[in-house]
Amino acid sequence: MTEDKEKSSVEGHRVSTHEEGVNLPPDPDAHRTDEEKAEIDRKLVRRLDLMLIPWLCLLYLLAFLDRTNIGNAKIAGVQTDLGLSDGQYSASLSIFFVSYAVFEPITNIMLKKFRPSIFIPIIMVLWGASMLGMGFCFNWEGLMAARWFLGLTEAGLFPGVNYYLSCWYKRSEFGIRAAIFFSAAALSGSFGGLLAAAIENMDGIGKRPGWAWIFIIEGLITVVIGFVSFWMVHDFPDEAKFLSEDDRARVVRRLKLDQQASAEHETFQMTYLWQSFRDWKMWLGMVIYMGCDMPLYAFSLFLPAIIKGLGWNTSTVRSQLMSVPPYAAAAIFTVVIGYIADRTRKRGLCNILVSAIGVVGFAMLLGSNSPAVQYAGVFFGALGIYPCIANTITWMANNIEGVYKRGVVLGFVIGWGNLSGVISSNIYTNHKIGHGIVMGFMAVFLFGGSILMTTLLRRENGKRLRGERDHLVEGLDEKQIDKLGDMRPDFYYTT
């Protein structure tokens with residue numbers, strides 16, 4: 001029997017067993033034909049996409065814009081005007097990632113407890129205020145304080161939204177949505193360069209330099225959007241107000257039949273935390289995510305300076321504008337890879353192949369002195385980094401079951417990856433050194449880690465297919481089996 005046939009039979013067995021043993025809400029479409037049910041399901045998913053995805057993309061665009069615009073501010077003169085040494089400037093980058101990583105693991109628990117429609121708008125207003133404060137810094141200490149609070153308040157958005165979306169969509173639907181959501185980060189780089197180039201022209205207004213206006217204008221935009229988000233961000237499926245009772249039943253049924261506990265209303269228990277710590281997938285996922293997240297921040301924070309240093313004698317504004325095309329290409333490629341990974345369910349293979357493109361790009365930056373070749377390397381670098389972020393998060397979410405366990409695991413994976421941003425803030429004292437370290441992270445942690453994860457998951461799937469894990473459910477009732485989450489023998493891992 002081929003792997004595809006084995007997988008199909010296992011998934012078919014898994015769904016039918018789960019449908020029989022779980023208390024599903026009444027089917028509002030029981031009287032309809034299969035064709036009519038399929039059409040209703042397609043319309044429901046389109047409605048969810050329209051209600052959830054666009055606004056969340058806007059929020060992450062602003063979040064990534066606010067955390068990385070200090071790179072645009074640097075070439076606009078913030079380091080010179082505040083009298084920062086190279087070490088002080090690097091420290092102001094690093095401190096963001098420290099507070100971000102420290103608070104990130106607990107934010108998904110807070111999101112579940114306080115509801116997305118309350119938690120997300122509040123943290124947005126707070127980080128917008130922190131960004132606004134950066135525009136009125138007059139020394140290093142003030143900049144450090146503002147960056148610390150920016151990291152603290154932004155910590156809940158990226159892991160929170162990925163966790164939130166994983167509680168709305170089936171596993172086979174989540175990848176493309178996560179990719180579209182994360183593509184906002186690449187668009188923010190593109191948009192950020194254009195916006196920074198325009199805002200710099202405000203230099204001198206109100207006796208504030210151009211770099212300060214970058215922080216002030218973008219901070220004000222975030223605060224306004226944060227207040228609007230109280231009406232635009234929706235809660236989890238069991239509480240979302242935009243759903244009719246029939247649509248709520250449809251959403252819950254499709255999640256339960258996809259064997260997702262996100263359709264259930266759970267209360268937090270410490271057991272979920274210990275389950276996460278004992279799961280090897282979380283620790284290896286942290287390694288893989290570090291292999292793409294550190295390069296992501298290094299790329300985002302230093303791209304304008306990298307382009308300025310290519311030897312073309314570009315002006316500050318031209319450097320900002322030349323950073324736009326690589327980001328735009330990365331945004332498109334991120335969505336393409338998300339679509340391919342959803343269709344093939346080969347997320348590990350996608351990570352392996354895409355990361356190889358990034359390694360080639362940074363090798364071009366290292367090995368050539370030609371500005372044209374190096375600029376091409378920038379494109380390959382972007383194409384190799386951005387898709388792997390969304391794909392890795394989707395990969396982890398697909399393979400972790402349980403509402404709180406998934407939230408905890410995603411929090412730790414993303415938090416550890418963001419802590420590596422401390423490294424990215426300090427490696428570009430010399431461009432060659434910076435490119436070499438980024439390439440090393442991608443080759444060892446992202447490329448190598450993805451190969452290891454894929455191998456181990458395939459081995460475990462083989463054991464489950466052969467019945468070597470069936471003893472785990474002997475003597476258990478359906479409810480006890482459900483509590484095993486991704487450890488239940490009929491749960492087939494996405495490789």
So Ser166 and Arg406, side chain to side chain donor-acceptor pair (under 3.5 Å) or not? Walk me through it. CA-CA 9 Å; Ser166 73; Arg406 185 189 302 156; 3.1 Å; yes
| said: Between Thr222 and Asp66, does the side chain to side chain donor-acceptor pair (under 3.5 Å) criterion hold? Intermediate values first, please. | reply: CA-CA 9 Å; Thr222 299; Asp66 289 345; 2.7 Å; yes
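Between Glu401 and Lys405 there is no salt bridge, since none of the side-chain N atoms of the basic residue sits less than 4.0 Å from a carboxylate O of the acidic one. A salt bridge does not link Arg464 to Asp470: none of the charged side-chain nitrogens sits closer than 4.0 Å to a carboxylate oxygen. Between Arg250 and Asp247 there is a salt bridge, since at least one side-chain N of the basic residue sits less than 4.0 Å from a carboxylate O of the acidic one.
Using modelled atom types, no side-chain atom of Arg347 and backbone atom of Thr392 make a donor-acceptor pair closer than 3.5 Å. For Ser450 (side chain) and Phe447 (main-chain N/O), no donor-acceptor pair under 3.5 Å exists by modelled atom type. Checking side-chain atoms of Asp246 against main-chain N and O of Pro28 turns up no donor-acceptor pair under 3.5 Å. When atom types are taken as modelled, the side chain of Asn461 and the backbone of Tyr492 share no donor-acceptor pair closer than 3.5 angstrom. At least one donor-acceptor pair under 3.5 Å links the side chain of Gln374 to the backbone N or O of Ser368. Between the side chain of Asp29 and the backbone N or O of Arg32 there is no donor-acceptor pair closer than 3.5 Å. Under a 3.5 Å cut-off, the side chain of Glu104 and the backbone N or O of Gly415 do form a donor-acceptor pair. At distances below 3.5 Å, not a single donor-acceptor pair connects side-chain atoms of Arg253 with backbone N or O atoms of Pro26.
Contact check for Phe379 versus Tyr375: side-chain heavy atoms found under the 4.5 Å cut-off. Side-chain contact check for Met232 versus Leu59: every heavy-atom pair is 4.5 Å or farther apart. Proximity of Leu111 to Phe236: side-chain heavy atoms (C-beta onward) are separated by under 4.5 Å at one or more points. Using a 4.5 Å heavy-atom cutoff, the side chains of Val438 and Met294 are in contact. Between Val45 and Arg254 the shortest side-chain heavy-atom distance falls below 4.5 Å. Within the 4.5 Å cutoff, the side chain of Leu152 has no heavy atoms near those of the Leu126 side chain. The shortest side-chain heavy-atom distance between Trp127 and Leu157 falls under the 4.5 Å cut-off. Residues Val354 and Asn391 form no side-chain contact, since every pair of their non-hydrogen atoms from C-beta on lies 4.5 Å or further apart.
Contact detail for Leu366 and Lys432: the closest heavy-atom pair is O-NZ, 2.7 Å. Ser425 approaches Ser90 most closely through the heavy-atom pair O-OG, 3.3 Å. The two residues Cys57 and Ala184 have their closest heavy-atom pair at O-CB, 3.3 Å. Counting all heavy atoms, side chain and backbone alike, Glu36 lies closest to Thr33 at OE1-N, 3.0 Å. The two atoms that bring Ile288 and Gly449 nearest to each other are CD1-O, 3.4 Å, heavy atoms only. Residue Arg469 comes nearest to Pro489 through the heavy atom pair O-CG, 3.0 Å, listed as atom of the first residue, atom of the second, then distance.
Here side chain to side chain donor-acceptor pair (under 3.5 Å) pairs that include residues 433-449, with residues two or more places apart or in two chains, are Tyr428-His435.
Using the six-membered ring where Trp is involved, Trp168 and Tyr164 have ring planes that are perpendicular, over 60° apart on the 30 and 60° scheme. Note on ring orientation: taking the six-membered ring where Trp is involved, the planes of Trp274 and Phe277 are tilted (angle from 30° to 60°). Ring geometry for Tyr60 against Phe182 counts as tilted: the plane angle lies between 30° and 60°, on a 0 to 90° scale.
Within 6.0 Å of the CZ atom in Phe380, the count of heavy atoms belonging to other residues, nucleotides or ligands does not exceed 12. No more than 12 heavy atoms of other residues, nucleotides or ligands shown are found within 6.0 angstrom of NZ on Lys43. Applying the 6.0 Å contact sphere to CE of Met51 captures more than 12 heavy atoms from other residues, nucleotides or ligands.
Looking at residues two or more places apart in sequence or on another chain, you find a salt bridge (Lys or Arg N to Asp or Glu O under 4.0 Å) between Arg42 and Glu39. For the salt bridge (Lys or Arg N to Asp or Glu O under 4.0 Å) test, residues two or more places apart in sequence or in another chain that qualify with Asp235 are Arg115.
When ring centroids are compared, Phe491 and Tyr493 come within the 6.0 Å threshold.
Using modelled atom types, one finds no donor on one side chain facing an acceptor on the other under 3.5 Å when comparing Asn418 with Tyr289.
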